[in-house]
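Report on the structure given below.
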Amino acid sequence: MASREEVLALQAEVSQREEELNSLKQKLASALLAEQEPRPERLVPVSPLPPKAALSRDEILRYSRQLVLPELGVHGQLRLATASVLVVGCGGLGCPLAQYLAAAGVGRLGLVDYDVVEMSNLARQVLHGEALAGQAKAFSAAASLRRLNSAVECVPYTQALTPATALDLVRRYDVVADCSDNVPTRYLFNEALCGWRRVRPLVVCRACASGPNQTVYHIDAAGPCPQPPPAETVTNCADGGVLGVVTGVLGCLQALEVLKIAAGLGPSYSGSLLLFDALRGHFRCIQLRSRRLDCAVCGERPTVTDLLDYEAFCGSSATDKCRSLQLLSPEERISVTDYKRLLDSGASHLLLDVRPQVEVDICRLPHALHIPLKHLERRDAESLKLLKEAIWEGKQGTQEEAAVPIYVICKLGNDSQKAVKVLQSLSAAQELDCLTVRDVVGGLMAWAAKIDGTFPQY
């Protein structure tokens, strides 16, 4: 058996090796990014790819398996070699899509993404790695694609696109693949491509929890045109959850549509919507309505002639990060630091966790009462009974049996504000005895960041 001194020596050596490994990872990241051109202040100018008369010996060998397909052949491969595709989003969909486009020999790939690589991305965004955490996704993706196929030109765009720049960028490419993960970018590109401009074919894919789907716009003049929903219905699905392999399946299907368009074979889903039920393994295709002649955006007499500011329209920024709601006044909220002081003081109170059960299974504060927000919103009788019992128990032993203050917590501090509003309405209707209701700003992720570094973040 090893002595205590030997154990300590081994622990010290492990710690040293971990520091060396981290240092090597950082050096690798720097070396990979050193291959990239400096980040441009403006959109990178690109000229049309020159026509290609014949395939080289190396190209014939590399693409031999697809060259022998009668539907593609040499003619189709030459079209791919001179085609340019704009990939909007280098995330769960964009990574497998760009990987297969590069592998198939598409001449130029524009990679649009101003986000950075995070550890939570790596379960589904297969072009990125641990060594590039914190680096721009567009550059990380470009580095991986160049290692896969050095003949493919990769042009990274790390700027946030706006109505002023989107249309100009779209015109530089033959086909656009919308792999975006936020509503403003989605509708900006949809309108730039399929609205009053209708300038390029657009292959759209969604991996949202509500139902993964794919379609193609602007292959013919009669095709459907995407239109934004009412502003009040727009939500961010960043916290809806996604299984990495689902984005992989959809990204590959999206790549197949792009390749068929670029090679001149025509798409399968123009005018129709492919629905994917990943849980049951089912695919279903439904027909979409044709373009309306009286449409305000793409009809015969359009009244919308400029691209909208979709960040303002959707009430959220062009990012997959969850937006922070401001539903309550500062007096109705408490910071995690102040709540920790209250908890340490032993003051009587009730902490209400309103997250879904699946998130509570990941992590929770042991003293919190769990009632999902949706149960409160629909006035679930069993949940309200549980809450009243907890309030009554909290009263016992307090001076004059005063109403117990309720503090509401969730993951990020958005659902907790909604829950406070519900509890306030219940109190006003005298359905609940709670004089003081506050939410915890920033929720459990703020707790993990500022109070307890061992608390899991997800």
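Heads up: numbering here begins at 1 and tracks the sequence. Values below: every heavy atom of this structure, side chains too, minus hydrogens, waters and symmetry copies.
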Just do the side chain to side chain contact (heavy atoms under 4.5 Å, CB included) check on Val85 and Asp174 with the steps written out, would you? CA-CA 6 Å; Val85 178; Asp174 302 319; over 6 Å; no

Report the residues that fulfil salt bridge (Lys or Arg N to Asp or Glu O under 4.0 Å) with Lys421, sequence neighbours left out, ordered by chain and then residue number. none

Determine, for Asp58 against Arg62, whether the closest basic-nitrogen to carboxylate-oxygen distance falls under 4.0 angstrom. no

Checking side-chain polar atoms at under 3.5 Å, does Ser416 have a donor or acceptor matched by the opposite partner on Arg438? no

Could you check whether any side-chain heavy atom of His128 comes within less than 4.5 Å of a side-chain heavy atom of Ser144, counting everything from C-beta outward? no

Taking all atoms of both residues into account, what is the closest heavy-atom pair of Val408 and Ala419, and its distance? CG1-CB, 3.7 Å

Do Tyr407 and Leu352 have side chains that get closer than 4.5 Å, going by heavy atoms? no

Quick one: do Ile409 and Arg355 satisfy side chain to side chain contact (heavy atoms under 4.5 Å, CB included)? Show the steps, please. CA-CA 8 Å; Ile409 199 166; Arg355 294 174 299 153; over 6 Å; no

Does Arg79 reach the main-chain N or O of Ala83 with its side chain, forming a donor-acceptor pair under 3.5 Å? no

Run the side chain to side chain contact (heavy atoms under 4.5 Å, CB included) test on Leu274 and Asn213 for me, step by step, so that the C-alpha distance in whole Å, both residues' side-chain angles and the decisive distance to 0.1 Å come before the verdict. CA-CA 5 Å; Leu274 176 68; Asn213 59 77; over 6 Å; no

For the residue pair Ala255 and Tyr100, what are the closest heavy atoms and their distance? CB-CB, 4.1 Å

Verdict with supporting geometry, Phe139 and Leu132, side chain to side chain contact (heavy atoms under 4.5 Å, CB included): CA-CA 10 Å; Phe139 283 104; Leu132 289 174; over 6 Å; no

Is there side-chain contact between Val204 and Arg206, with heavy atoms separated by less than 4.5 Å? yes

Would you confirm whether Arg108, through its side chain, and Cys154, through its main-chain N or O, come within 3.5 Å as a donor-acceptor pair? no

State whether the side chain of Asp113 and the backbone N or O of Cys90 hold a donor-acceptor pair below 3.5 Å, judged by distance alone. yes

Taking C-beta and beyond as the side chain, do Asp277 and Arg284 meet within less than 4.5 Å on heavy atoms? no

So does Leu61 get a backbone contact from the side chain of Ser64, meaning a donor-acceptor N/O pair under 3.5 Å? yes

Are the side chain of Thr215 and the backbone of Tyr269 linked by a donor-acceptor contact shorter than 3.5 Å? yes

Are the side chain of Thr82 and the backbone N or O of Leu78 linked by a donor-acceptor pair below 3.5 Å? yes

Looking only at non-hydrogen atoms, find the nearest pair between Ile451 and Val336 and report the distance. CD1-O, 3.9 Å

Partners passing salt bridge (Lys or Arg N to Asp or Glu O under 4.0 Å) against Arg333 (at least two apart in sequence or in another chain): Asp439

So, Gln77 and Gln66: side-chain donor and acceptor under 3.5 Å apart, yes or no? yes

Do you know the tightest heavy-atom contact between Val152 and Ala102? CG2-O, 3.6 Å

Side chains of Met119 and Asn121: closer than 4.5 Å at any heavy-atom pair? no

Does atom CZ (Arg378) have a neighbourhood of more than 12 heavy atoms from anything else shown, all under 6.0 Å? yes

Do Leu148 and Gln99 make a side-chain contact, defined as non-hydrogen atoms from C-beta onward lying under 4.5 Å apart? yes

Residue pair Asp353 / Leu369, side-chain heavy-atom distance below 4.5 Å: no

Gln417 side chain to Glu332 side chain, donor-acceptor N/O pair below 3.5 angstrom: no

Nearest-0.5 Å distance that lies between atom CG in Leu373 and atom NE2 in His375: 10.0 Å

Between OH on residue Tyr458 and CD on residue Glu359, distance to nearest 0.5 Å: 3.5 Å

Any donor-acceptor pair under 3.5 Å linking the side-chain atoms of Thr454 with those of Asp452? yes

Is the shortest heavy-atom distance from the side chain of Tyr339 to the side chain of Val441 under 4.5 Å? no

Just say parallel, tilted or perpendicular for the rings of Phe283 and Phe276, cut-offs at 30° and 60°. parallel

Tell me the closest heavy-atom pair linking Asp415 and Cys410, and the distance in Å. N-SG, 3.6 Å

Ser270 side chain to Pro267 backbone, donor-acceptor under 3.5 Å: no

Side-chain donor-acceptor pair under 3.5 Å between Lys260 and Ser268, yes or no? yes

Interatomic distance, Leu109 atom CG to Leu97 atom CG [nearest 0.5 angstrom]: 8.5 Å

